[in-house]
Amino acid sequence: EVQLVQSGAEVKKPGESLKISCKGSEYTFTDYWIGWVRQTPGKGLEWIGIVFPGDAITRYSPSFQGQVTISADKSISTAYLQWRSLKVSDTAVYYCARHVAYSRSSWYKDVWGNGTTVIVSS
Amino acid sequence: DIQMTQSPSSLSASVRDRVTITCRASQSISKSLNWYQQKPGKAPKLLIYAASSLRSGVPARFSGSGSETDFTFTITNLQPEDFATYYCQQSYSSPPTFGGGTMLEIK
């Protein structure tokens, strides 16, 4: 079964750094884009960005550009979402999701990770 | 960014009912529209892509239609496991954006 398994919940203080992970299994990790989605009660689901593990190309939403870093290590089939300096407003559930192109420019997310809860509080 | 507006934001229905959710895009998105189901504490699940294509393995009681700016999502013969929150999402232009969700509750 194709799966994405995410790292566990985190509780951090403002200003701290954090890197969460998403490990793919039962498919060729380098053939698909992996993206990250944030979910909060106030703003709902927001797309953060994606990485293509085959060549590490990344794309970001303008809203998140410069705020986070997305990367991947294809040798261990794992994608990452990283913060240098967390803010209280980064408190959310973060999902990774496999992105599949079904036409030249249209995509869907067919496999999702189990979610990582990040709480940032002083 | 393209804004996606879903209505209603919540809906009460009974088992075996038929329900319809609408999703409107702030500009034309052709048929680049996906629908997801999310249950509490779980990740979203893809149900429909390209506005009307049913994902393999998804029951045929789920359907979608529409194009350009106006889309509908319908569940016929509601089953107990269908009570969840549903989201539309456009993939026409980056960044992909989601609707605010429709919470489907048992009446």
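Owing to the predicted nature of the structure, the values given are computational and were not obtained by experimental measurement. Chain A is the first sequence line, chain B the second, and so forth, proteins listed ahead of strands; every chain is numbered from 1.
By the 6.0 Å contact criterion, NZ on A:Lys12 is enclosed, its count of non-hydrogen atoms from other residues, nucleotides or ligands being greater than 12. For CZ of B:Arg24, the number of neighbouring non-hydrogen atoms (other residues, nucleotides, ligands) closer than 6.0 Å is 12 at most. The number of heavy atoms from other shown groups lying within 6.0 Å of CZ (B:Phe83) is above 12. Remark: B:Arg61 CZ is packed, more than 12 non-hydrogen atoms of other residues, nucleotides or ligands lying under 6.0 Å away.
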**Message:** Go through it in stages, so that I can follow the logic: the residues are B:Ser94 and A:Trp47, the test is side-chain contact (heavy atoms from CB on, under 4.5 Å), and I'd like the CA-CA distance, side-chain angles, deciding distance and then a yes or no.
**Reply:** CA-CA 9 Å; B:Ser94 187; A:Trp47 185 82; 3.8 Å; yes
**Message:** For a side-chain contact (heavy atoms from CB on, under 4.5 Å) check, start with the C-alpha distance between A:Val37 and B:Phe98, then their side-chain angles and the critical distance, and finish with the verdict.
**Reply:** CA-CA 10 Å; A:Val37 175; B:Phe98 293 85; 4.3 Å; yes
**Prompt:** Does the pair B:Ser91 and A:Tyr102 meet the rule for a side-chain contact (heavy atoms from CB on, under 4.5 Å), with working shown?
**Reply:** CA-CA 10 Å; B:Ser91 63; A:Tyr102 62 84; 3.4 Å; yes
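A donor-acceptor pair under 3.5 Å links the side-chain atoms of B:Tyr36 to the main chain of A:Lys109, judged by distance alone. Between the B:Asn34 side chain and the A:Trp107 main chain, a donor and an acceptor come within less than 3.5 Å of each other.
Contact tally against chain A (heavy-atom pairs below 4.5 Å) for B:Gly99, B:Gly101, B:Ala50: the top residue is B:Ala50.
B:Leu47 and A:Val100 fall into different hydrophobic clusters, where Ile, Leu, Val, Met, Phe, Trp and Tyr residues are linked whenever their side-chain heavy atoms come under 4.5 Å apart, directly or through other members. One hydrophobic cluster, built from ILVMFWY side chains closer than 4.5 Å, holds both B:Val58 and B:Ile21. Residues A:Leu4 and A:Val2 are members of one and the same hydrophobic cluster, defined by side-chain heavy-atom contacts under 4.5 angstrom among Ile, Leu, Val, Met, Phe, Trp and Tyr. Residues B:Phe62 and B:Leu46 do not share a hydrophobic cluster, defined by chaining ILVMFWY side chains whose heavy atoms lie under 4.5 Å apart. Placement of B:Ile48 and A:Val111 in two distinct hydrophobic clusters is found when ILVMFWY residues are connected by side-chain heavy-atom separations under 4.5 Å, directly or transitively.
The two atoms that bring B:Ala43 and A:Trp112 nearest to each other are CB-CB, 3.6 Å, heavy atoms only. A:Tyr95 approaches B:Lys42 most closely through the heavy-atom pair OH-O, 3.1 Å. Minimum interatomic distance between B:Ser32 and A:Ser106 (heavy atoms only, all atoms of both residues): OG-OG, 2.5 Å.
Heavy atoms closer than 4.5 Å to chain A are found nowhere in B:Gln90, neither backbone nor side chain. No part of A:Val93 comes within reach of chain B, as not one of its non-hydrogen atoms sits under 4.5 angstrom from that chain. The contact between B:Leu33 and chain A is made entirely by backbone atoms, counting heavy-atom distances below 4.5 Å. Of the atoms belonging to A:Tyr108, heavy atoms from both backbone and side chain fall under 4.5 Å from chain B.
The line from CG of A:Leu45 to CD of B:Gln38 is 6.0 Å long, rounded to the nearest 0.5 Å.
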